[in-house]
Amino acid sequence: MLKEQLTYVQKEVSDACVRGNRNHADVTLIAVSKTKPVSTLQEAYDLGVRVFGENKVQELVDKYEA
């Protein structure tokens with residue numbers, strides 16, 4: 001399911017870049033890891049996601065090493 005969601009979001013970003021006449025390479029997709037388990041983050045990482053956003057330091061510390 002995550003793969004399909006990621007594909008959908010990537011297409012939406014790509015389409016928005018075309019509409020806005022922006023270079024897709026200038027846009028960074030940030031995956032929000034708030035309240036998500038490490039297993040989901042690992043799945044996203046395995047799908048190519050490399051930038052994650054976390055708003056609580058405590059959660060980041062728990063997830064960072066994984």
Side-chain angles (χ1 to χ4, degrees):
M1 178 142 166
L2 183 61
K3 182 177 182 177
E4 291 82 11
Q5 291 172 328
L6 179 59
T7 300
Y8 173 79
V9 169
Q10 288 170 329
K11 182 174 180 343
E12 290 291 305
V13 169
S14 181
D15 291 348
C17 287
V18 170
R19 287 191 308 272
N21 197 28
R22 290 192 63 178
N23 185 342
H24 189 270
D26 293 338
V27 177
T28 301
L29 177 64
I30 301 173
V32 177
S33 60
K34 179 180 177 183
T35 73
K36 301 299 180 203
V38 171
S39 60
T40 301
L41 303 181
Q42 183 63 55
E43 184 180 357
Y45 187 87
D46 292 345
L47 291 169
V49 176
R50 293 297 184 265
V51 181
F52 294 86
E54 182 64 63
N55 69 334
K56 293 187 177 181
V57 174
Q58 300 90 325
E59 285 195 44
L60 173 64
V61 169
D62 293 341
K63 297 173 183 175
Y64 182 77
E65 288 302 318

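Values below: all heavy atoms of this structure, side chains included; hydrogens, waters and symmetry mates excluded. The structure displayed is predicted, hence computed values, not measured ones. Positions are given from 1 along the sequence.
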Straight-line distance of [X] [atom1] to [Y] [atom2], nearest 0.5 Å:
X	Y	atom1	atom2	value
Arg22	Ser14	CZ	OG	12.5 Å
Glu43	Met1	CD	CE	10.5 Å
Ser33	Glu54	OG	CD	3.5 Å

Give a yes or no on whether a salt bridge exists between Lys11 and Asp15, defined as a side-chain N under 4.0 angstrom from a carboxylate O.
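Result for this pair is yes, salt bridge flagged.
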Could you list the residues that satisfy side-chain hydrogen bond (donor to acceptor under 3.5 Å, both in side chains) with Gln42, not counting sequence neighbours?
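side-chain hydrogen bond (donor to acceptor under 3.5 Å, both in side chains) check on Gln42 returns Asp46.
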Should side-chain heavy atoms under 4.5 Å link Ile, Leu, Val, Met, Phe, Trp and Tyr, which residues sit in the same cluster as Leu47?
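For the cluster that includes Leu47, the remaining residues are Leu2, Leu6, Tyr8, Val9, Val13, Val27, Leu29, Leu41, Tyr45, Val49, Phe52.
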Short question: side chain of Thr40, backbone of Lys36 - any donor-acceptor pair under 3.5 Å?
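No; judged by distance alone, with no hydrogens or angles, the pair does not exist.
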Which atom pair, heavy atoms only, marks the closest approach of Gln10 to His24?
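It is O-NE2, 4.3 Å.
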